[in-house]
Amino acid sequence: LLRSLSVVPAASIATGMAAFPSIARAAEFSYKYGNNLPVTHPLNIRAQEAADRILKETKGRVEIKIFPNNQLGGDTDMLAQVRSGGIEFFTPSALVIATLVPVAAINAIGFAFSDYNQVWAAMDGKLGAHVRAAIGKMRLHAFDKMWDNGFRQTTSSKAPVTGARDLDGLKIRVPVSPLSISMFKGLGAAPASLQFSEVYSSLQTKIVDAQENPLPIIQVAKLYEVQKYASLTNHIWDGYWFIANGRAWDRLPPDLKAIVAAAINDAGMQQREDIRKLNESVVADLQAKGLQINRPAADSFRAKLRESGFYAEWKNRFGNEAWGLLEQTVGKLA
Ligand code: X2X
C-alpha cells in the first residue's frame with residue numbers, strides 16, 4: 001500500500017502530476033533529476049516540460065521528479081549520486097563532468113568559439129560525439145543534445161576588467177574545474193574553486209571579489225546584488241550535458257528510452273533557443289539592476305594565455321584526436 005501512494009516532495013516542481021489523481025499508482029520507473037540552477041532558469045523550465053511530456057507519453061510509467069537549485073547538494077555531490085544511482089539524472093556543466101571525464105572540458109578552452117554557429121557545429125557534430133563516447137565509458141548515458149549554459153562573462157565587486165592586466169591577482173571564484181583554475185592562473189588571477197551553491201554567499205562575504213558565469217545565470221541567481229561590474233569577456237563557452245545513470249538508463253525498455261530521449265533532446269533544443277532570446281535582453285536588464293557593463297577586446301587575454309603555455313598544455317592533456325576535432329570547427333588554436 002505504501003508504494004502505491006505517490007508522495008511528491010514539496011521541494012520538487014510537481015506540475016507534472018496535475019493530470020493524475022493525487023493518490024495514483026506509483027510509476028514503474030520513478031527517477032530523480034538533480035541540477036544546480038534556480039527554478040526560473042530556462043534549463044529548469046524546459047526540463048519540467050520534458051518531464052510532463054514523458055509522464056504523459058509513457059502513460060504514467062516513467063515519472064521524473066526534479067530537484068533544482070542544489071537541493072540535493074552541490075555539483076560534486078550530485079555527480080557522485082548519479083554515478084552511484086542515488087539519483088538517475090543530472091545536468092553537470094562540461095567543466096564539472098570533466099572532473100570525471102577529462103576530455104569533456106574541451107569546449108571550455110579559452111576563446112575557442114567565436115559564435116554559436118561554431119558551438120553547435122562542434123557539439124552536435126564529431127566533437128560532441130567524441131565526448132559522449134568518453135562519458136559512456138564511465139557508465140553514464142549522455143543524451144545527444146547538449147543544453148546551453150552560455151558564454152562565460154566576468155563580474156567583480158572591485159573594478160571592471162578591461163584587459164588581461166586587470167585580472168592580475170584578482171580573487172575570482174571558478175567552478176570545481178581543473179581547466180578553469182589553469183586558465184585563470186594563466187591569466188594571472190588568483191582563482192578559487194567553489195561549487196555554485198556557495199557562489200552568492202562567498203561574494204556577499206567577500207571570500208572572493210569576482211566570479212565568472214553566463215549572463216542568464218547572473219540574472220536568475222541574482223548575482224547582481226553582490227557584484228558591481230560585468231565585463232563581457234566571453235572567455236569560455238559552457239554547456240550542460242544531460243546525463244543518466246547507466247544502469248537506470250538500461251533498465252528502461254527501448255520504447256520508453258525512445259520517448260525519454262526525444263523529450264529531453266527536444267527540450268534541450270528549445271532551451272538553447274530560450275538562452276538565445278535571453279541573450280538579447282539580459283544586458284539591458286542587468287544594467288537596469290545596477291550592473292556596469294563593459295566589453296573588453298579578447299586580444300590581451302589570448303596573448304597572455306599563449307605566453308603562459310595554456311594552449312600547449314591543454315592540447316597535450318586532451319590529446320591530438322580531440323584537439324583536432326575542435327580545430328576542425330574553430331581553426332588552429334595551438
Ligand atoms: O558553477 C557554475 O558557475 C555554473 C552554474 O556555471 C556551472 O554549472 C559550471
Side-chain angles (χ1 to χ4, degrees), residues 36-38 40-43 93-95 108 110-116 119 148-175 177 179-181 183-184 186-240 272 274-302 304-305:
N36 68 359
L37 292 181
T40 47
H41 190 278
L43 174 136
S93 139
L95 291 166
F111 304 97
F113 295 110
S114 47
D115 59 33
Y116 273 106
V119 166
D148 195 10
N149 189 354
F151 281 90
R152 299 182 77 91
Q153 318 295 358
T154 309
T155 69
S156 172
S157 57
K158 287 264 153 106
V161 174
T162 61
R165 222 179 309 145
D166 295 328
L167 290 172
D168 207 43
L170 184 68
K171 279 201 255 168
I172 184 168
R173 175 274 173 178
V174 297
S177 148
L179 184 138
S180 300
I181 290 283
M183 181 167 160
F184 277 90
L187 288 166
S193 271
L194 292 170
Q195 306 204 74
F196 190 64
S197 47
E198 298 171 296
V199 170
Y200 187 98
S201 63
S202 66
L203 292 168
Q204 193 173 34
T205 58
K206 302 270 160 73
I207 289 171
V208 289
D209 297 314
Q211 69 84 45
E212 43 84 58
N213 250 299
L215 296 181
I217 288 198
I218 293 161
Q219 184 183 47
V220 297
K222 299 187 168 34
L223 299 184
Y224 51 83
E225 293 176 353
V226 288
Q227 296 281 269
K228 281 209 190 87
Y229 304 95
S231 304
L232 306 190
T233 45
N234 290 303
H235 52 279
I236 281 174
W237 177 79
D238 188 17
Y240 286 101
R272 293 180 185 181
D274 295 338
I275 297 287
R276 193 190 64 73
K277 287 190 189 131
L278 259 185
N279 284 338
E280 288 170 5
S281 62
V282 69
V283 169
D285 181 65
L286 290 173
Q287 268 171 330
K289 291 185 159 103
L291 267 191
Q292 284 185 42
I293 310 259
N294 71 297
R295 294 178 164 78
D299 324 15
S300 68
F301 304 110
R302 278 209 189 100
K304 183 101 199 222
L305 285 177

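By convention here, the first residue in the shown sequence is residue 1.
Not a single donor-acceptor pair under 3.5 Å links the side chain of Arg152 to the backbone N or O of Ile236. Panel note: side chain Gln227, backbone Lys158; no donor-acceptor pair is recorded below 3.5 Å. With hydrogens and angles ignored, the 3.5 Å screen pairs no side-chain donor or acceptor of Ser231 with any backbone N or O of Asn294.
Arg272 is not listed as a side-chain neighbour of Tyr116, based on a closest heavy-atom distance of 4.5 Å or more. In this structure the side chain of Leu203 never reaches within 4.5 angstrom of the side chain of Ser157, judged on heavy atoms. The closest side-chain heavy-atom distance from Leu278 to Gln219 is below 4.5 Å. Side-chain atoms of Leu291 and Leu223, non-hydrogen and from C-beta on, never get closer than 4.5 Å to each other. Arg295 is listed as a side-chain neighbour of Val283, based on a closest heavy-atom distance under 4.5 Å. Counting only heavy atoms from C-beta outward, the side chains of Phe301 and Pro296 approach each other to under 4.5 Å. Proximity of Val220 to Leu37: side-chain heavy atoms (C-beta onward) are nowhere separated by under 4.5 Å.
By the salt bridge (Lys or Arg N to Asp or Glu O under 4.0 Å) test, Lys277 pairs with no residue at all, sequence neighbours left out. His41 is linked by a ring pair (Phe, Tyr, Trp, His ring centres under 6.0 Å) to nothing, counting only residues two or more places apart in sequence or in another chain. Applying the side chain to side chain donor-acceptor pair (under 3.5 Å) criterion to Thr154, with sequence neighbours excluded, gives Thr233. Scored by the ring pair (Phe, Tyr, Trp, His ring centres under 6.0 Å) test, Tyr240 finds no partners at all (sequence neighbours excluded). Not a single salt bridge (Lys or Arg N to Asp or Glu O under 4.0 Å) links Asp166 to another residue, sequence neighbours left out.
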Self-check item: Test log, rule side chain to side chain contact (heavy atoms under 4.5 Å, CB included), inputs Leu232 and Leu215
Solution: CA-CA 9 Å; Leu232 306 190; Leu215 296 181; 4.0 Å; yes
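The shortest heavy-atom contact between Tyr224 and Lys289 is CZ-CD, 3.3 Å. Considering every non-hydrogen atom in both Gly163 and Ser300, the closest pair reads CA-OG, 3.5 Å. Here the shortest heavy-atom pairing between Trp237 and Phe113 reads CB-CD1, 3.9 Å. Taking all atoms of both residues into account, the shortest heavy-atom contact from Asn213 to Phe196 is ND2-CE1, 3.6 Å. Tyr200 and Lys222 get closest at one heavy-atom pair: CE1-O, 3.4 Å. When all heavy atoms of Pro191 and Ile181 are compared, the closest pair comes out as CG-O, 3.7 Å.
If you take CG on Asn149 and CD1 on Ile275, they are separated by 7.5 Å, rounding to the nearest 0.5 Å. For the atom pair CG of Leu286 and CD1 of Ile293, the computed distance is 5.5 Å after rounding to the nearest 0.5 Å. Interatomic distance, Met183 CE to Leu167 CG, rounded to the nearest 0.5 Å: 9.0 Å. Distance NE2/His235 to CD/Glu212: 3.5 Å, rounded to 0.5 Å. Interatomic distance, OG of Ser156 versus CD of Gln292, reported as 11.0 Å (0.5 Å rounding). For the atom pair CG of Asn36 and CD1 of Ile217, the computed distance is 6.5 Å after rounding to the nearest 0.5 Å.
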List, one per line, each side-chain donor-acceptor pair under 3.5 Å for residues 168-175, sequence neighbours excluded.
{"residue": "Arg173", "atom": "NE", "partner": "Leu194", "partner atom": "O", "Å": "3.0"}
{"residue": "Arg173", "atom": "NH2", "partner": "Leu194", "partner atom": "O", "Å": "2.8"}

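By the neighbour-count criterion of 12 heavy atoms within 6.0 Å, atom NZ of Lys228 is sparsely surrounded, having that number or fewer from other residues, nucleotides or ligands.
No hydrogens or angles considered: a donor-acceptor pair under 3.5 Å links the side chains of Asn234 and Gln153.
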